[in-house]
Amino acid sequence: MDRLLATRGISETELARRLKTSKKELTAWLVDPPKRKEGIIKKIASALVVPDFYLFAEDLTPEKSIPDFRLAKPAPNGYQRATIRAIEFARQVQDDPAIKNQIKPSNSLASKLEAYNTPSKAASAFRDIIELSETDQIEFKDARLFYAHVRRKVEQCETFVFQMHFPPEDGIGLALTSKTKFNSIVINTTSQIPARRLFTLAHEVYHCKLNLTGVSDPEIVKNNVEQQCNQFAAEFLAPKSLVKKIADQTIKSDSLDLEQLRKFSSLIKLSLTASLYRLVETGHYKETAVAQWMSYLKANPNPDFSQKQGGRRVEEWKYKLAKYGTRFAEAYSAAFQQDRIDDYEFYRISGIKPKYQSDYLTHAPLASLSDAEDGADA
């Protein structure tokens with residue numbers, strides 16, 4: 001138990017809280033387990049996200065938690081159950097021998113961006129690499145389609161981009177990076193509209209460039225790594241020339257005007273918050289606009305977090321496409337063709353039931369940008 005708690009980065013007190021009991025009662029159970037203990041064992045194993053038998057094994061311990069880059073000095077943290085599941089899934093896919101033979105290190109984000117030693121240079125280079133023009137960006141119908149486009153371009157750089165739910169207090173994005181394996185980026189979809197997901201994705205791309213695995217929140221910046229990742233995201237998604245082009249059309253005052261900001265945000269495909277900060281950084285808004293925005297948020301719900309849930313059902317593979325992306329389907333389609341995996345193994349890794357596997361693997365690589373549909377689990 002001590003090893004598992006240390007690995008998960010949580011205390012016995014925190015485990016007791018997650019089990020909805022007191023530390024005293026938990027300690028008493030560990031010292032002198034009751035005769036009918038199966039239910040308690042399952043609860044503890046579930047809270048620690050391990051199989052039941054790990055509680056009795058002397059030499060079985062899951063891999064350590066990944067660093068939390070929201071800290072001034074990034075270090076492994078005690079994440080909640082859903083977050084641990086997202087991390088373990090990303091790690092399992094990254095290490096899966098069924099797809100390791102497909103990786104091309106020269107095509108990875110770290111390799112493609114290696115020559116560019118500043119966030120500004122890397123941001124400009126990455127727009128060129130994925131052939132993203134200012135005109136193309138403006139002409140996308142909305143942030144949802146632009147996000148889907150950028151996501152697909154990132155996936156072409158030996159990177160899986162997953163969408164999953166986990167508690168926002170654990171961060172809104174994470175990346176498991178590597179120069180010799182697929183990168184695994186996970187975007188936390190909880191309350192994140194597409195424009196916010198877009199900035200989070202770009203932020204995590206620079207984590208991959210730096211080959212620094214960890215959990216992030218672009219709005220919590222306490223170290224140089226996060227500063228660099230945010231600078232890359234801002235300059236990649238909103239280069240100064242594009243900001244000026246759109247601001248000249250939409251921004252008529254150097255103070256906050258919500259309607260003008262909405263128009264700017266809609267054209268550039270950033271969230272309102274990211275748009276405002278970028279307008280301040282480029283001199284189109286005064287610094288006082290930040291205080292105006294904060295005052296607005298105190299009196300009103302944050303529009304960057306509002307998102308309608310539910311709606312009509314669509315084909316199941318479209319939900320899988322939203323959650324797992326396109327590159328994941330391509331990699332495992334190849335693994336099936338090479339007899340390196342079967343439907344049971346794929347189910348064990350992905351959670352996709354065999355009856356849905358063929359549709360997802362067949363349709364995802366050919367899907368349009370509008371096909372991905374958020375479901376209950378993505």
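Residue numbers count from 1 along this sequence. What you see is a predicted model; the values in this text were computed from it and never measured.
- Ring geometry for His149 against Phe140 counts as tilted: the plane angle lies between 30° and 60°, on a 0 to 90° scale.
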Stepwise, does the side-chain contact (heavy atoms from CB on, under 4.5 Å) test hold for Arg327 with Phe182?
CA-CA 10 Å; Arg327 187 68 184 93; Phe182 286 101; 3.6 Å; yes

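- A salt bridge links Glu14 to Arg17: one of the charged nitrogens lies within less than 4.0 Å of a carboxylate oxygen.
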Starting from the C-alpha separation in whole Å, work towards a yes-or-no answer on side-chain contact (heavy atoms from CB on, under 4.5 Å) for Leu276 and Phe264.
CA-CA 9 Å; Leu276 179 133; Phe264 177 88; over 6 Å; no

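- Closest approach of Phe69 and Asn223 over heavy atoms only: O-ND2, 2.9 Å.
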Carefully, step by step, assess Tyr285 and Ser255 under the rule side-chain contact (heavy atoms from CB on, under 4.5 Å).
CA-CA 6 Å; Tyr285 271 169; Ser255 295; over 6 Å; no

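- Looking at Arg151 and Glu204, no side-chain N of the basic residue comes within less than 4.0 Å of a carboxylate O on the acidic one, giving no salt bridge.
- When the side chains of ILVMFWY residues are joined at heavy-atom separations under 4.5 Å, either directly or via intervening members, Phe166 and Ile66 end up in a single hydrophobic cluster.
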When you look at Arg91 and Asp95, which way does the salt bridge (charged side-chain N to carboxylate O under 4.0 Å, His left out) test go after all the steps?
CA-CA 6 Å; Arg91 180 179 277 148; Asp95 292 335; 5.5 Å; no

Between Asn188 and His165, is a side chain to side chain donor-acceptor pair (under 3.5 Å) present by the stated rule, with each step listed?
CA-CA 5 Å; Asn188 186 354; His165 284 313; 4.9 Å; no

Full working for side chain to side chain donor-acceptor pair (under 3.5 Å) between Ser253 and Gln260:
CA-CA 9 Å; Ser253 169; Gln260 292 178 15; 5.6 Å; no

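- Between the side chains of Gln80 and Arg18, no donor-acceptor pair is found at a separation under 3.5 Å.
- For the residue pair Gln231 / Glu235, a side-chain donor-acceptor distance below 3.5 Å is found, with atom types taken as modelled.
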Before you tell me yes or no, could you show the steps for Ile185 and Leu174 under side-chain contact (heavy atoms from CB on, under 4.5 Å), namely the whole-Å CA-CA distance, both residues' side-chain angles and the distance that decides it to 0.1 Å?
CA-CA 6 Å; Ile185 291 174; Leu174 61 91; over 6 Å; no

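- With Arg70 contributing its side chain and Asp217 its backbone, the two residues share no donor-acceptor pair below 3.5 Å.
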ring-ring contact (aromatic ring centres under 6.0 Å, His included) assessment of Phe336 paired with Tyr332:
CA-CA 6 Å; Phe336 271 105; Tyr332 280 97; 7.6 Å; no

Check step by step if side chain to side chain donor-acceptor pair (under 3.5 Å) holds for Glu226 and His203.
CA-CA 8 Å; Glu226 295 303 90; His203 180 103; 2.9 Å; yes

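- Checking Arg81 against Ser46 by side-chain atom types alone, a donor-acceptor pair falls below 3.5 Å.
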Compile the donor-acceptor pairs under 3.5 Å between side chains in residues 97-107 and protein atoms, sequence neighbours left out, one pair per line.
unit_1 : atom_1 : unit_2 : atom_2 : d
Asn101 : ND2    : Gln338 : OE1    : 3.1
Gln102 : NE2    : Ala331 : O      : 2.7
Asn107 : OD1    : Lys112 : NZ     : 3.2
Asn107 : ND2    : Gln156 : O      : 2.8
Asn107 : ND2    : Glu158 : OE2    : 3.1

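- Hydrophobic clustering (side-chain heavy atoms under 4.5 Å, transitive across Ile, Leu, Val, Met, Phe, Trp, Tyr) groups Leu176 together with Val49.
- Between the side chains of Ser370 and Ser368, at least one donor-acceptor pair of N or O atoms lies under 3.5 Å.
- Counting only N and O atoms by type, the side chains of Asn211 and Thr177 include a donor and acceptor under 3.5 Å apart.
- Between Thr159 and Glu155, the side chains place no donor N or O within less than 3.5 Å of an acceptor N or O (distance only, hydrogens not considered).
- For Asn224, the side-chain hydrogen bond (donor to acceptor under 3.5 Å, both in side chains) partners two or more places apart in sequence, or in a different chain, are Gln228.
- Counting heavy atoms of neighbouring residues, nucleotides and ligands inside a 6.0 Å radius, atom CD of Glu114 does not exceed 12 of them.
- Residues Met294 and Leu270 share a single hydrophobic cluster, defined by chaining ILVMFWY side chains whose heavy atoms lie under 4.5 Å apart.
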Under the salt bridge (charged side-chain N to carboxylate O under 4.0 Å, His left out) rule, what do Asp142 and Arg144 come out as? Steps first, then yes or no, please.
CA-CA 5 Å; Asp142 53 33; Arg144 176 174 175 262; 5.8 Å; no

Tell me, with the steps shown, if Arg278 and Glu281 meet salt bridge (charged side-chain N to carboxylate O under 4.0 Å, His left out).
CA-CA 5 Å; Arg278 193 62 178 139; Glu281 290 168 356; 3.0 Å; yes

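- Lys263 contributes atom NZ, which lies 8.5 Å from atom CG of Asp257 (distance to the nearest 0.5 angstrom).
- Ring-plane geometry between Tyr360 and Tyr324 is classed as tilted, the angle between the planes lying from 30 to 60 degrees on a 0 to 90 degree scale.
- Across all non-hydrogen atoms, the minimal contact from Gly325 to Ala364 is O-CB, 4.3 Å.
- A distance-only check finds no donor-acceptor pair linking the side chain of Ser271 to the backbone of Asp304 [under 3.5 Å].
- Between the side chains of His207 and Thr213, not a single donor N or O lies within less than 3.5 Å of an accepting N or O.
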Taking it one step at a time, do Lys323 and Glu316 satisfy salt bridge (charged side-chain N to carboxylate O under 4.0 Å, His left out)?
CA-CA 11 Å; Lys323 182 173 182 178; Glu316 193 67 29; over 6 Å; no

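- Taken together through direct or relayed side-chain contacts under 4.5 Å among Ile, Leu, Val, Met, Phe, Trp and Tyr, Leu237 and Leu279 form part of one hydrophobic cluster.
- With sequence neighbours left out, Tyr206 forms a ring-ring contact (aromatic ring centres under 6.0 Å, His included) with Phe232.
- Side-chain contact between Leu109 and Val154 is present, with heavy atoms from C-beta onward closer than 4.5 Å.
- With 3.5 Å as the limit, one finds a donor-acceptor pair spanning the side chains of Gln192 and Thr200.
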